[in-house]
There are 2 protein chains.
Amino acid sequence: MCLGGKGGKKYNKCKNEKCTCPGSRIERFIQPCLLLLVQEKPNSHGYDLLDNLKDFCLEGASFDTASIYRNLRRLEEVGFVRSDWQMSKSGPAKRAYVITSEGENVLTMWAKNIEQNKKLLEYFLKRYYG
Amino acid sequence: MCLGGKGGKKYNKCKNEKCTCPGSRIERFIQPCLLLLVQEKPNSHGYDLLDNLKDFCLEGASFDTASIYRNLRRLEEVGFVRSDWQMSKSGPAKRAYVITSEGENVLTMWAKNIEQNKKLLEYFLKRYYG
DNA sequence: ACATCTATATGTTGCTTGCACATATGTTTA
DNA sequence: TAAACATATGTGCAAGCAACATATAGATGT
């Protein structure tokens, strides 16, 4: 998903059947990223976000389009974003997303969660490198 | 799994059907933690690790025993740890784990992956808090 | 005798992801 | 004008992973 390689491989995630190699990611990280991007730039649409999400990925990596649209639908379902169809003159219709106040609350919760996870990673690294 | 609450709730993960609230974690984080603990203290066994893994959890949280044993079996399957049965005089038999050189290599890869993920989280926080 | 602690393990279920593919419209190019 | 391409949004499926419940069994305490 968001773990990426430069050398041809798009994803770090190992395909080897039995391999447990370290291609780990942060679960559902796409959600706070989407919320933040929509907050920063209201009326973003999915195809926009596809590009802008790259900021939250390692070099050369990107999020799956399926994940983006599925998560946007999910976020709207639970009321964290709202969308309107925009019939543009050029190209197909697109959904324009805005964040709701509930979405903003959840985003602050996400930020706290992310801080906690960051601390866990820092603790691990401190203990590993000594 | 590793995200924890004090107030009765063992896990942050929300049970609400439709809720996408931020109970996120780092995927397979238990694996590098197990490797590191076994490296630090060779001949650790599962029940030991159950305790020591708490270092890598938020307050009040812990890893699931099922996850510990399943991951230990997995790590052994792929050759990152080895185990011997120890028939102790007191208590039931237990497996004593040691890390292999391949396991040590993977652990350094994990450390790099964890550093990358840490940077992603830092980037998110910087962008959110401004 | 029975409960509890230590220790290891399996089964089941649901969620998330990655990949491949489908659909639709407008624009450019041969 | 047909084909190819870029924009834009989605669906279906399989695999991986985590949470939870349950199983097994020997040792120790009362």
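Bear in mind the structure is a predicted one, so any value in this text is a computation, not a measurement. Proteins come first, then strands; the chains are lettered A, B, ... in the order of their sequence lines, and each starts at number 1.
Proximity of H45(A) to the phosphate of dT9(D): no side-chain N or O atom is located under 4.0 Å from OP1 or OP2. Residue R95(A) places at least one side-chain N or O under 4.0 Å from the OP1 or OP2 atom of dG10(D). Between R74(A) and the phosphate of dT16(C), there is a side-chain N or O to OP1/OP2 separation shorter than 4.0 Å.
The residue among N71(A) and R73(B) whose nearest nucleotide of DNA chain C lies closer to the 5′ end is R73(B).
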Where do N or O atoms of nucleotides 22-30 of chain D meet protein N or O atoms at under 3.5 Å, pair by pair?
{"from": "dA27(D)", "atom 1": "O3'", "to": "G91(B)", "atom 2": "N", "distance (Å)": "3.2"}

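Scored by the salt bridge (Lys or Arg N to Asp or Glu O under 4.0 Å) test, E122(A) finds K118(A) as partners (sequence neighbours excluded). Applying the side-chain contact (heavy atoms from CB on, under 4.5 Å) rule to E102(B) yields the partners F80(B), T100(B); only residues at least two apart in sequence or on another chain are considered. Applying the side-chain contact (heavy atoms from CB on, under 4.5 Å) rule to Q39(A) yields the partners L36(A), I99(A), E104(A), L107(A), Y128(B); only residues at least two apart in sequence or on another chain are considered. Applying the side-chain contact (heavy atoms from CB on, under 4.5 Å) test to D51(B) and every residue at least two apart in sequence or in another chain returns K54(B).
Between L37(B) and F56(B), the closest side-chain pair of non-hydrogen atoms falls below 4.5 Å.
Residue Y47(B) contributes atom OH, which lies 7 Å from atom C1' of dA7(C) at whole-angstrom precision. Put simply, CZ on R70(B) is 10 Å from P on dA18(D), counting in whole angstrom units. Here the P atom of nucleotide dT8(C) and the CG atom of L72(B) are 8 Å apart, to the nearest Å. Rounded to whole angstrom, the span from the CD atom of E27(B) across to the P atom of dG16(D) amounts to 12 Å. With rounding to whole Å, L34(B) atom CG is found 14 Å from dC17(D) atom P. The NZ atom of K94(B) sits 17 Å away from the P atom of dC5(C) (whole-angstrom rounding). D64(B) places its CG atom 10 Å from the P atom of dA21(D), with the value rounded to the nearest Å. R28(A) places its CZ atom 11 Å from the P atom of dC15(C), with the value rounded to the nearest Å.
Through side-chain heavy atoms spaced under 4.5 Å, either directly or across other Ile, Leu, Val, Met, Phe, Trp or Tyr residues, M87(A) is tied to W85(A).
Candidate nucleotides dT17(C), dA9(C), dT10(C) were compared by shortest atom distance to the side chain of W85(B), and dA9(C) ranks first.
Using modelled atom types, one side-chain atom of E76(B) and one backbone atom of S83(B) make a donor-acceptor pair closer than 3.5 Å.
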